[in-house]
Amino acid sequence: MKTLFVCSERDPRETRVAVIPSDVGKLSAIGWSVNVESGAGAKAGFSDEDYKLAGAAIVDADFAKNADFIVAVRKPQVERIADFKRGAFYLSLLDPFNEKGLIAAFAAQGVTAASFEMIPRSTIAQKMDVLSSQSSLAGYVAVIKAANTLKRILPMMMTPAGTISPLKFFIVGVGVAGLQAIATAKRLGARVEAFDTRPVVEEQVKSLGAKFVKIDLGETGQTAQGYAKELTPEQIELQRRGMAKVCAQSDVIITTAKLFGRKAPRIITAEMVMGMKAGSVIIDMAVESGGNVEGSKPDEIVITPNGVTIIGDTCLEASVPATASQMYSSNVYNYIAHFSPNGTFEPNFEDPIMKVSAVTHDGQITDERFK
Ligand code: NAD
């Protein structure tokens with residue numbers, strides 16, 4: 001039986017755990033002895049006792065030395081990699097575009113490191129797509145956070161004490177997070193408008209009952225993977241001008257516009273923020289990759305001189321850790337199960353999912369971009 005080790009997260013902001021107790025039995029059934037670092041699930045509401053009852057062993061951090069497969073939510077500290085067994089398999093979010101030193105350390109140690117960010121956006125890979133499962137929750141949490149920050153309610157109310165108008169939300173970037181933000185804001189009764197540079201999104205926005213803001217940017221399009229292409233500086237300027245009026249009228253703006261592997265576009269300028277009403281809220285979901293909003297800061301709340309609150313939370317999904325861990329854990333199980341066709345884990349490097357997700361193998365960095 002091969003040994004799987006579920007690490008505790010080292011980043012103090014992290015609340016999620018990579019495998020939840022209800023998936024322990026499923027992993028055991030495909031040949032793993034599951035070993036969980038003591039306390040790993042505590043912040044997500046899963047105790048060591050819960051894991052033991054599910055059939056896992058509780059171990060300490062040193063267990064990493066013996067493990068055939070190590071799984072976590074975030075990248076490990078680089079100095080820990082020297083402890084991992086040669087030939088072991090490591091799976092987590094690795095932030096490979098920004099972590100070339102870490103990737104080199106995995107290769108030097110002879111560990112196969114797989115990065116969840118690199119999973120292709122294909123139908124077959126959907127069940128192991130961590131970016132999607134976590135972005136969807138982040139989109140939901142962004143709306144709840146905005147609702148908690150506002151001093152007003154979202155829906156229209158007609159009462160003997162007068163009519164309350166619904167609040168206006170503007171969602172910029174309608175990928176997985178944006179769609180969930182639209183759906184959540186609509187459910188809470190807000191009036192929602194949205195924009196994305198990929199024209200295919202218009203139908204999806206309308207199907208959720210929101211209004212698509214039309215701005216003519218000329219040729220935009222998307223990559224073969226479905227990601228947005230980078231706009232020219234002239235197109236960004238056109239976009240800002242086209243959005244300025246909607247921004248000024250919005251009570252909440254949620255920006256989710258990212259460019260895979262690159263810096264996020266700066267879409268909302270300080271001037272546009274200054275044009276908003278006091279009490280409005282902006283949530284910049286791209287803050288970690290450079291930010292869509294001028295003045296947003298990672299993991300800080302900024303209040304502008306005109307009374308707009310800009311929230312730059314880098315991990316919104318971490319505030320619903322039990323659900324986020326449940327989805328992450330399911331993605332982990334599906335990844336391992338996909339490569340266990342005969343009941344035991346056999347990484348197939350010809351499989352397109354393994355080919356792109358494994359960024360190191362056999363002592364080599366397998367993706368040119370991370371060398
Ligand atoms: P993302 O997080 O990379 O970006 C969020 C959104 O921002 C995207 O919709 C993008 O078009 C948009 N954007 C980029 N620049 C912008 C700008 N200047 N102004 C406004 N919007 C801008 O996207 P994502 O959520 O990871 O989704 C990326 C693509 O992958 C989408 O087409 C999505 O439908 C697709 N997808 C496919 C699968 C699958 O088939 N398995 C799973 C998830 C996502």
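Note that these values count all heavy atoms, side chains included, but never hydrogens, waters or copies made by symmetry.
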Inset, instruction - Decide yes or no for Val19 and Val36: does some side-chain heavy atom of the first lie under 4.5 Å from some side-chain heavy atom of the second? - result: no
Legend entry - Nearest-0.5 Å distance, CD1 of residue Ile182 to CZ of residue Phe169: 12.0 Å
Inset, instruction - Please name the residue in the list Thr255, Asp313, Leu316 that meets the side-chain contact (heavy atoms from CB on, under 4.5 Å) test with Ile283. - result: Leu316
Inset, instruction - Looking only at non-hydrogen atoms, find the nearest pair between Lys186 and Gly209 and report the distance. - result: NZ-O, 3.0 Å
Legend entry - Distance in Å, Ile124 CD1 paired with His338 NE2, rounded so as to fall on 0.5 Å steps: 5.0 Å
Inset, instruction - Compare all side-chain heavy atoms of Asp196 with those of Glu202 and state whether any distance is below 4.5 angstrom. - result: no
Inset, instruction - Report, as yes or no, whether the 6.0 Å neighbourhood of atom NZ on Lys245 holds more than 12 heavy atoms from other residues, nucleotides or ligands. - result: no
Inset, instruction - Please state whether the rings of Tyr335 and Phe116 are parallel, tilted or perpendicular, taking 30° and 60° as the class boundaries. - result: perpendicular
Legend entry - Side chain proximity check, Ser38 to Tyr51, heavy atoms < 4.5 angstrom: no
Legend entry - Name of the residue among Glu14, Glu9, Glu99 meeting salt bridge (Lys or Arg N to Asp or Glu O under 4.0 Å) with Lys75: Glu99
Inset, instruction - Determine the sole option in Val71, Val6, Ile336 for which the side-chain contact (heavy atoms from CB on, under 4.5 Å) test with Leu27 is passed. - result: Ile336
Legend entry - Test item: Arg369 and Met118 side chains (from C-beta on) under 4.5 Å apart, heavy atoms: yes
Legend entry - Set of residues satisfying salt bridge (charged side-chain N to carboxylate O under 4.0 Å, His left out) with respect to Arg262, sequence neighbours excluded: Glu230
Inset, instruction - For the residue pair Leu188 and Ile144, establish whether any side-chain heavy-atom pair is separated by less than 4.5 Å. - result: yes
Legend entry - Side-chain touch Asp129/Arg121, heavy atoms, less than 4.5 angstrom: yes
Inset, instruction - Kindly say whether the aromatic ring centers of Phe195 and Phe170 come within a distance under 6.0 Å. - result: no
Legend entry - Other residues, nucleotides, ligands: >12 heavy atoms within 6.0 Å of Glu271 CD: no
Legend entry - Beyond-backbone contact of Val143 with Ile254, side-chain heavy atoms, under 4.5 angstrom: yes
Legend entry - Side chain proximity check, Arg191 to Leu167, heavy atoms < 4.5 angstrom: no
Inset, instruction - Return yes when atom NZ of Lys211 has more than 12 non-hydrogen atoms of other residues, nucleotides or ligands closer than 6.0 Å, and no otherwise. - result: no
Inset, instruction - Considering non-hydrogen atoms only, spot the tightest contact between Ala61 and Arg80 and give its length. - result: O-NH2, 3.3 Å
Inset, instruction - Would you mind telling me which of Ile301, Val273, Ile253 makes a side-chain contact (heavy atoms from CB on, under 4.5 Å) with Ile310? - result: Val273
Legend entry - Glu346 atom CD, over 12 foreign heavy atoms within 6.0 Å: yes
Legend entry - Spacing of CG belonging to Leu231 relative to CG belonging to Leu217, to within rounding of 0.5 Å: 6.0 Å
Inset, instruction - List for me each residue that meets side-chain hydrogen bond (donor to acceptor under 3.5 Å, both in side chains) alongside Asp68, sequence neighbours excluded, and say none if there are none. - result: Thr3, Lys85
Inset, instruction - Check the angle between the aromatic planes of Phe260 and Tyr227 and answer parallel, tilted or perpendicular using the 30° and 60° thresholds. - result: parallel
Inset, instruction - Could you check whether the rings of Phe63 and Phe5 sit parallel, tilted or perpendicular, using 30° and 60° as the cut-offs? - result: tilted
Inset, instruction - Determine, for Phe370 and Lys100, whether the Lys NZ or Arg CZ falls below 6.0 Å from the six-membered ring centre while staying within 45 degrees of the axis. - result: no
Inset, instruction - Decide yes or no on salt bridge (charged side-chain N to carboxylate O under 4.0 Å, His left out) for Asp251 and Lys168, but give the supporting numbers first. - result: CA-CA 5 Å; Asp251 299 289; Lys168 289 186 181 145; over 6 Å; no
